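Working notes for the structure below.
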Amino acid sequence: MSSTPVSRREFLVGSSLIAGSVMGSRAFAVLPQVPRMKVALVGTGVRGVNMWGRDVVRDYPAEVEFVGLCDINPGRLAFAKDYIGVACPTFTDFSQMLETTSPEHVIVTTMDSTHDEFIVEALERGCNVITEKPMTTDEVKCQAILDAQERTGRNITVTHNYRYAPHRRRMKELLMEGRIGRLTSVDFHWYLDTYHGASYFRRWHGKRRFSGTLFVHKACHHFDLLNWWIDSEPELVYAQGALEHYGSNNDFRHTNCRGCPHQARCAFYWDINTDPHLVDLYVKNEQYDGYLRDGCLWSEEIDIYDKMGAQIRYANGVQVSYSCTTYSPYEGYRIAFNGTEGRL
Ligand SMILES: NC(=O)c1ccc[n+]([C@@H]2O[C@H](COP(=O)([O-])OP(=O)(O)OC[C@H]3O[C@@H](n4cnc5c(N)ncnc54)[C@H](O)[C@@H]3O)[C@@H](O)[C@H]2O)c1
């Protein structure tokens, strides 16, 4: 997706550095006031209220003004307004928020399978969109988004934040410098441990109709990294996965951990009440939508894969062996780039 070549913040920082060097200490007195970006956010869950909400309000008060917050859960929405620390109006209806507040940018942090409806509507109303990954969960929704972007000429930024880790940028630099000659293949294996990996199976992520499976929800980060590092596009993909650990692969289950009669014998028992932030966001607002954030990871309704593998051939000839395991004893990944003149 496209994004503006120079961000507003980069521009502001760059222009004030120039002004500062020319005018010394008088710079702040004479710099013109730039109007703040009018931003509305939909989806006030943990991601929305923290990284996109409270952190942005704290770090960019001169650049960003929140004009509206939206969520279908009115309890969570009320908590979010207070937690983020904004005075803007709140809405349970997205269209009404756009109509009332006329934002320039819309931030989408709802459940993955719903991103498309907010992206398309925001574009149609002339807004630019910043959406959490994955942009969407299937090819039909993806095409609808691409069509809307072309029709409206607005920008969509998909926040694949993994690219910005310093060590991953360094890998990109070394590849661009040709330190291993021409890249020929990549071995990439991702391990989620039994805390982080298990957490996906407790939440909406465990249903493919909401997350598109972890091949979409989680691996989109990994595939974004691969596309960027390899600097090409996948041409041929063979992939498979299976559910062999979580879901129906156990002989007892309950709806959720709180009140579960199997607590004492379940290795995955997790007490959400030990995390006050999650209690404020989710437990206290179950009455509005019935969403149990500590859902049973042995639920027979879980239909995503817990082990995944893919063989990918890129248009530039690079071959990739990829895998993701969600019940590893440790968290991390292994990656190797093989080239005509060495291995990184
Ligand atoms: N880039 C990353 O590293 C990263 C990390 C965590 C989450 N995320 C992404 O952020 C998004 C949110 O994740 P989360 O963990 O906060 O999920 P969450 O379930 O905690 O929050 C989603 C919020 O959206 C609301 N919502 C759902 N459907 C809605 C609708 N139709 N209209 C309005 N509101 C609706 C829910 O009530 C909830 O408050 C997801 O797309 C996820 O993939 C990205």
Side-chain angles (χ1 to χ4, degrees), residues 1 40-56 68-84 90-98 106-122 129-138 141-142 145 156-165 168 190 192 196-197 199-225 272 275 277-295 304 331 333:
M1 308 308 304
L41 180 145
V42 59
T44 58
V46 68
R47 189 69 169 175
V49 300
N50 288 294
M51 202 191 89
W52 291 108
R54 201 176 57 162
D55 292 2
V56 169
L69 296 178
C70 175
D71 200 287
I72 37 170
N73 186 310
R76 190 146 52 242
L77 188 55
F79 169 79
K81 178 174 176 171
D82 186 50
Y83 179 83
I84 296 172
T90 57
F91 302 85
T92 50
D93 184 305
F94 182 69
S95 306
Q96 198 191 352
M97 175 169 79
L98 295 189
V106 170
I107 299 175
V108 180
T109 49
T110 55
M111 194 164 64
D112 301 352
S113 58
T114 63
H115 290 178
D116 63 305
E117 51 189 280
F118 303 116
I119 295 172
V120 170
E121 186 172 347
V129 173
I130 299 169
T131 181
E132 261 301 348
K133 51 50 60 177
M135 184 176 78
T136 189
T137 46
D138 70 37
K141 294 174 177 181
C142 190
I145 292 171
I156 309 173
T157 303
V158 184
T159 58
H160 279 124
N161 47 313
Y162 279 29
R163 284 188 186 196
Y164 297 92
R168 298 189 186 121
W190 200 278
L192 297 166
H196 185 196
S199 75
Y200 294 104
F201 296 81
R202 304 181 192 280
R203 303 178 280 159
W204 50 259
H205 310 59
K207 317 274 166 41
R208 67 173 62 196
R209 68 183 183 282
F210 299 139
S211 67
T213 81
L214 295 179
F215 249 142
V216 176
H217 175 84
K218 188 70 191 168
C220 68
H221 277 304
H222 312 152
F223 297 144
D224 174 63
L225 285 171
I272 192 173
D275 186 329
H277 187 48
L278 295 184
V279 170
D280 283 338
L281 273 171
Y282 302 101
V283 176
K284 289 183 181 170
N285 299 306
E286 286 169 356
Q287 58 192 295
Y288 300 105
D289 58 11
Y291 178 51
L292 301 173
R293 183 72 159 42
D294 61 343
I304 63 170
E331 180 90 4
Y333 65 100

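First listed ligand is number 1; within each ligand, the first listed atom is number 1. Only heavy atoms go into these numbers, but all of them, side chains included; no hydrogens, no water, no symmetry mates. Note that the coordinates shown come from a computational prediction; the quantities given were computed from them, not determined experimentally.
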- Note on the structure: So the atoms of ligand 1 within less than 4.0 Å of a heavy atom of G43 turn out to be 23 (C), 24 (O)

- Message: Within the 3.5 Å criterion, strictly below it, is a donor on D112 or H205 matched to an acceptor on the partner's side chain?
- Response: no

- Query: From Y291 OH over to D294 CG, what is the distance, rounded to the nearest 0.5 angstrom?
  - Reply: 9.5 Å

- Message: Any heavy atom of H205 closer to ligand 1 than 4.0 angstrom?
- Response: no

- Option set D112, N73, T109, T44, criterion heavy-atom distance to atom 40 (C) of ligand 1, minimum: D112

- Task: Around atom 13 (O) of ligand 1, find the nearest protein heavy atom and jot down its residue, atom name and distance.
- Result: R47 CB, 3.9 Å

- Task: Please state whether F94 comes within less than 4.0 angstrom of ligand 1, counting heavy atoms only.
- Result: no

- Query: With a 3.5 Å cut-off and no angle check, do the side chains of E132 and T159 form a donor-acceptor pair?
  - Reply: yes

- Note on the structure: The option among D71, L278, T131 carrying the non-hydrogen atom nearest to atom 37 (O) of ligand 1 is D71

- Item | Salt bridge R76-D289, side-chain N to carboxylate O under 4.0 Å | yes

- Contact atoms of ligand 1, heavy-atom distance to W204 under 4.0 Å: 17 (O), 18 (P), 19 (O)

- Item | Contact check, R293 vs ligand 1, heavy-atom distance below 4.0 Å | no

- Query: What closest approach, in Å, do V279 and I272 show between heavy atoms, and which atom pair accounts for it?
  - Reply: CG2-O, 3.6 Å

- Check: Y164/H160 side-chain N/O donor and acceptor closer than 3.5 Å: no

